[in-house]
2 protein chains.
Amino acid sequence: MHAYTASRISLPSRSALPNRPEAFEPALLQPLGFYPAGAEIYAQGEKAGAFYQVEFGAVRVYRLLADGRRQISAFHLAGETFGFEADTTHHFFAEAINSTGVRVFRLTAGADMSHQLLPLALKGLTRAQEHLLVLGRQSAIERVAAFLVDIAERQGGLRQVELPMSRMDIGDYLGLTIETVSRVFTRLKDKGVIRLLNLRSVEIVKHDALHNMSE
Amino acid sequence: MHAYTASRISLPSRSALPNRPEAFEPALLQPLGFYPAGAEIYAQGEKAGAFYQVEFGAVRVYRLLADGRRQISAFHLAGETFGFEADTTHHFFAEAINSTGVRVFRLTAGADMSHQLLPLALKGLTRAQEHLLVLGRQSAIERVAAFLVDIAERQGGLRQVELPMSRMDIGDYLGLTIETVSRVFTRLKDKGVIRLLNLRSVEIVKHDALHNMSE
DNA sequence: CGCATAATTGAGAGATTTCAACACTAGTGG
DNA sequence: CCACTAGTGTTGAAATCTCTCAATTATGCG
């Protein structure tokens, strides 16, 4: 349904990220999975039993309705963790957005990882609940502003934001169509709030304006 | 901002609930808080350090925008657990919807509750992510259908559903206005899918139709 | 019984979607 | 190196859905 081409966008180095990624023991012994653009990491209904940490690239986690409508519940950038499930079954799909390296942490029957997993699960829960406010109560321009602010913060708060995902991905994350996403980008550009350097990178010119818009 | 009056709706007994509530040790020694309709259980920004289990009644957890728009991220019915936070600070508000009894489990520095909390956090995460699909990609009628199906299941899958919350709460949960919620109820009634026994109780006549609508 | 609150209904306005055309981009192969 | 092509993004116009504003009805508690 979706076909994506690898991009040459370089994400900020891990040390530039606001939240240093956790080091799980024995992290270096865990297998590193490589996924090309669009590759499935796991599917809804599949047996779960691991969690994942993005080394480089980006991941989308989503769910589908019967008629193909898609809701991306989260993007995961370098250093971030995803894939834990309440059940022994995956409730969502996860795909590499572009060339992505993922460290896989298998959950073994013996080892207890509750300590490490609980803060990650709680962080994810807070994120999801905050996103509910965006989807439930914010206008298109507020949603895009919130998205840009969020991504910018996760990339270290730099002026320039690199978007690893397509407009369609952004739309499916924000509950909007690609046309609306595109129109809002144009509106923000015309207002002088952002500059579109190219399709996948945005410069935030009026950081305050963007921030105010999103709350 | 909101004033609610207590209702006389009797929720199903705990034994009728599909998921038996966890028994946390030493549960019976934990204080039982009583909250009248509309009372605050905790506020955003407040110090966290406990989690809560509904004994009777119902709770809404929500977040506000600066201009007063509200998004309810979850309702919690008898037997359900809520209130764990990633941080030491509450990111949301929690209020009793009507007269509600809540068991409070303080998190003490010594005791480690990761084992008990992780599955609850993961369950909450899955719920929130599923709700994202509803808010992001479903129409008003689909949202209300999904809501009724969800509440019905959590009340034991009975034909008759008791709604402890107002139309405004439902609207703020589904990202709709009260007028739209009301119109959708009327539409579902006219289609013969549900019957409105009174304002707070709904009989599901065509369960399959409702279920199909919500997916 | 009566008042305040909550819910329903109607009509018009507004935001986003849909459908359609066009432009741009990146990768391919001549 | 350029033309070609498929995919991606932008823009426009009309349609649709939900919201807003307003009036009416119903409910529940004192």
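So that the names make sense, note that chain A is the first sequence line, chain B the second, and so on, each numbered from 1.
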[atom1] of [X] versus [atom2] of [N]: gap in Å, rounded?
X        : N      : atom1 : atom2 : value
B:Asp67  : D:dT20 : CG    : P     : 11 Å
A:Asp172 : C:dT17 : CG    : P     : 11 Å
B:Arg200 : D:dC29 : CZ    : C1'   : 14 Å
B:Arg187 : C:dG10 : CZ    : C1'   : 15 Å
A:Phe185 : D:dT8  : CZ    : C1'   : 14 Å
B:Met168 : D:dC19 : CE    : P     : 12 Å
B:Leu196 : D:dT25 : CG    : C1'   : 15 Å
A:Leu176 : D:dT10 : CG    : C1'   : 16 Å

Q: Look at all strands and tell whether A:Gly175 reaches a base, only sugar-phosphate, or nothing, counting heavy atoms closer than 4.0 Å.
A: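 Counting heavy atoms under 4.0 Å across all strands, the contact made by A:Gly175 is with sugar-phosphate only.
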Could you tell me if [Y] and [X] have a donor-acceptor pair between their side chains, going purely by distance under 3.5 Å?
X        : Y        : value
B:Ser139 : B:Glu142 : yes
A:Gln53  : A:Glu55  : no
B:His90  : B:Gln44  : no

Q: Please confirm whether B:Arg60 makes a cation-pi placement over B:Phe92, using NZ or CZ under 6.0 Å from the six-membered ring centre and within 45° of the ring normal.
A: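 Because its charged atom misses either the 6.0 Å distance or the 45° angle limit, B:Arg60 does not stack over B:Phe92.
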Q.
I need the residues from residues 130-147 of chain A with at least one non-hydrogen atom less than 4.0 Å from DNA chain C; give them sorted by number, or say none.
A.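 Under 4.0 Å from DNA chain C: A:Ser139, A:Ala140.
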Q. Looking at the rings of B:Tyr52 and B:His76, which for Trp means the six-membered one, are their centres under 6.0 Å apart?
A.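 Here the rings of B:His76 and B:Tyr52 have centres that are no less than 6.0 Å from each other.
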Q) Which residue pairs satisfy the salt bridge (Lys or Arg N to Asp or Glu O under 4.0 Å) criterion with at least one member in residues 175-185 of chain A, sequence neighbours excluded? A)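 Residue pairs passing salt bridge (Lys or Arg N to Asp or Glu O under 4.0 Å), neighbours aside: none found.
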Q. Considering heavy-atom distances to DNA chain D, does A:Thr186 or B:Thr180 have its closest nucleotide positioned more toward the 5' end?
A.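 Of the two residues, A:Thr186 wins.
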Q: Between protein and nucleotides 19-25 of chain C, map the contacts as a letter string: B base, S sugar-phosphate only, - none, heavy atoms under 4.0 Å, written 5' to 3'.
A: B------
Q: Would you indicate, yes or no, if C:dT17 has its OP1 or OP2 atom less than 4.0 angstrom from a side-chain nitrogen or oxygen of A:Thr177?
A: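 So the side-chain polar atoms of A:Thr177 do come within 4.0 Å of the phosphate oxygens OP1 or OP2 of C:dT17, strictly under.
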(Q) Set out, in order, the CA-CA distance, both residues' side-chain angles and the distance that settles side-chain hydrogen bond (donor to acceptor under 3.5 Å, both in side chains) for A:Gln160 and A:Glu162, then state yes or no. (A) CA-CA 7 Å; A:Gln160 190 171 331; A:Glu162 303 299 330; 2.9 Å; yes
Q | Residues A:Arg63, B:Glu130: salt bridge by 4.0 Å N-O rule | A |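 Salt bridge present between A:Arg63 and B:Glu130.
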**Q.** For the student: nearest non-hydrogen atoms of A:Gly57 and A:Thr100, plus distance
**A.**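 Smallest heavy-atom distance, with atoms named: CA-OG1, 3.6 Å.
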